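To start, the structure itself, in structure tokens.
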Amino acid sequence: MSDYTKFIASVKQKTGIDLSLYKEAQMKRRLTSLYEKRGCKNFTEYFELIRNDRSMMDEFLDRMTINVSEFYRNSQRWDVLDKKILPQLLQKTNKLKCWSAACSTGEEPYSMAMVLSNHLPMREITISATDLDNGVLEKAKVGLYPERSLKEVPTVVKQKYFNQEGQFFQVTDEVKKTVLFKQHNLLDDAYGKDFDLIVCRNVMIYFTEEAKDQIYTNFSKALKPGGILFVGSTEQIFSPERYGLESEDTFFYKKI
């Protein structure tokens with residue numbers, strides 16, 4: 001048994017996180033550079049380090065999750081959400097149940113709130129936002145971002161929902177109040193039910209086919225009939241009917 005295989009087993013026992021469901025080459029490369037930086041010679045030594053040092057465990061969790069995000073990423077897709085998808089959903093109900101899964105540092109759920117505000121009063125918007133990494137959730141709750149994160153935000157939205165603080169931009173309290181952040185493991189924890197909209201973008205590329213299959217199945221079960229799953233621009237689902245879904249638009253899938 002390789003030291004990485006033992007590491008996977010030890011991490012699963014300690015944290016409940018199954019690293020075998022992440023693409024091995026990418027994960028090993030990322031973690032090897034981290035343990036070398038911390039002066040470890042192999043995965044066995046590295047596990048002992050993270051097992052006995054909470055800050056090292058937090059750093060490990062931060063490295064194994066993918067925390068690259070920005071507002072309105074691939075803005076044309078957010079346009080489709082605004083102009084086509086949300087009007088369809090709001091024909092059936094004016095109280096949408098929304099989930100931003102693997103939300104990273106909060107850009108995605110806050111973008112959802114800003115787009116939803118074109119259709120509903122901000123006080124009526126509630127979004128569940130989850131991520132495996134508590135560290136990024138804490139940053140998300142603060143809602144302070146560098147200008148580069150806002151490069152695709154329309155000017156009128158930027159002026160309305162952000163306050164500039166030096167080189168950074170603070171999301172307004174009005175927007176922050178719409179989002180409830182919570183820790184959640186897509187590969188292990190229970191999913192909610194009856195969602196009208198689930199947004200999970202640019203995360204699946206890091207998982208094995210087995211893990212993707214599990215997650216898409218669970219997303220489908222979590223959607224109400226007619227509900228929409230919005231995925232990233234490299235994550236087209238080629239056989240959505242396997243999951244009880246059908247293509248509604250590019251990167252948007254409807255629960256049949």
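Predicted model, so just to flag it, every value in this text is computed and none were measured.
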Note to self: Between Phe71 and Tyr161, is the ring centroid distance below 6.0 Å?
What the structure shows: no
Note to self: Please confirm whether the ring centroid of Trp99 lies under 6.0 Å from the ring centroid of Phe230.
What the structure shows: no
Item checked: Heavy-atom neighbours of Gln76 CD exceed 12 at 6.0 Å ->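 No, because the 6.0 Å sphere around CD of Gln76 holds 12 heavy atoms or fewer from other groups.
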Check: Should we say atom NZ of Lys84 is surrounded by more than 12 heavy atoms from elsewhere, each under 6.0 Å from it?
Finding: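 Yes, enclosed.
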Which distance, rounded to the nearest 0.5 Å, do you find between the [atom1] of [X] and the [atom2] of [Y]?
X	Y	atom1	atom2	value
Tyr145	Glu165	OH	CD	13.0 Å
Ser233	Asn74	OG	CG	3.5 Å
Ser2	Lys6	OG	NZ	8.5 Å
Met204	Ile237	CE	CD1	7.0 Å
Glu246	Phe252	CD	CZ	15.0 Å
Leu187	Glu210	CG	CD	9.5 Å

[Y]/[X] salt bridge by N-O under 4.0 Å criterion:
X	Y	value
Asp213	Arg242	yes
Glu70	Arg73	no
Lys92	Asp196	no
Lys97	Asp194	no
Lys158	Glu147	yes

Notebook entry, point to check: Would you say the side-chain atoms of Asp82 and His119 include a donor-acceptor pair closer than 3.5 Å?
Noted result: yes
Checklist line | Side-chain H-bond candidate by donor/acceptor type, Gln170 with Thr172, under 3.5 Å | finding: no
Closest contact, heavy atoms only, [X] versus [Y]:
X	Y	answer
Phe207	Ala211	CB-CB, 3.8 Å
Leu186	Ala102	CD1-CB, 4.2 Å
Thr178	Ala113	OG1-CB, 3.3 Å
Met114	Ser117	O-OG, 2.6 Å
Pro109	Ile127	O-CD1, 3.5 Å
Thr130	His184	CB-CB, 3.4 Å

Answer whether the closest heavy-atom distance between the side chains of [X] and [Y] falls below 4.5 Å.
X	Y	result
Gln159	Thr155	yes
Val11	Phe47	yes
Gln167	Pro146	no
Tyr72	Pro154	yes
Asn218	Ile215	no
Phe238	Gln236	yes
Ile256	Leu245	no
Met56	Arg51	no

[X] side chain to [Y] backbone, donor-acceptor under 3.5 Å:
X	Y	value
Glu108	Cys103	no
Glu59	Ser55	no
Lys224	Phe195	no
Asp131	Ser104	yes
Thr93	Lys95	yes
Thr32	Arg29	no

Next item on the list: Start with the C-alpha gap between Cys98 and Leu116, add the side-chain angles, then the distance that decides, and say whether side-chain contact (heavy atoms from CB on, under 4.5 Å) holds.
Entry: CA-CA 10 Å; Cys98 304; Leu116 277 161; 4.1 Å; yes
Check whether [X] and [Y] end up in the same hydrophobic cluster, where Ile, Leu, Val, Met, Phe, Trp and Tyr are linked by side-chain heavy atoms less than 4.5 Å apart.
X	Y	value
Val115	Leu229	no
Val179	Leu132	no
Val203	Tyr253	yes
Met112	Leu89	yes
Phe43	Phe60	yes

Next item on the list: Please lay out, stage by stage, how Glu209 and Lys212 fare under the test side-chain contact (heavy atoms from CB on, under 4.5 Å).
Entry: CA-CA 5 Å; Glu209 291 305 313; Lys212 287 182 198 174; 3.1 Å; yes
Check: Is it true that the NZ or CZ of Lys176 lies under 6.0 Å from the centre of Tyr110's six-membered ring and within 45 degrees of the ring axis?
Finding: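 Output no; distance or angle outside limits.
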Notebook entry, point to check: Who pairs with Thr217 by side-chain contact (heavy atoms from CB on, under 4.5 Å), at least two apart in sequence or on another chain?
Noted result: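 Counting only residues at least two positions away or on another chain, Thr217 forms a side-chain contact (heavy atoms from CB on, under 4.5 Å) with Lys221, Tyr243.
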Notebook entry, point to check: Relative to each other, are the rings of Tyr4 and Phe7 parallel, tilted or perpendicular (30° and 60° limits)?
Noted result: parallel
Next item on the list: Carefully, step by step, assess Leu86 and Leu96 under the rule side-chain contact (heavy atoms from CB on, under 4.5 Å).
Entry: CA-CA 9 Å; Leu86 289 177; Leu96 295 181; 4.0 Å; yes
Margin query: Please determine whether salt bridge (Lys or Arg N to Asp or Glu O under 4.0 Å) holds for the pair Arg77 and Asp249, giving the CA-CA distance in whole Å, both sets of side-chain angles, and the decisive distance to 0.1 Å.
Written below: CA-CA 9 Å; Arg77 296 296 94 206; Asp249 203 296; 3.3 Å; yes
Check: Can you check side-chain contact (heavy atoms from CB on, under 4.5 Å) on Gln88 and Leu90, steps first, answer last?
Finding: CA-CA 5 Å; Gln88 287 179 7; Leu90 287 163; over 6 Å; no
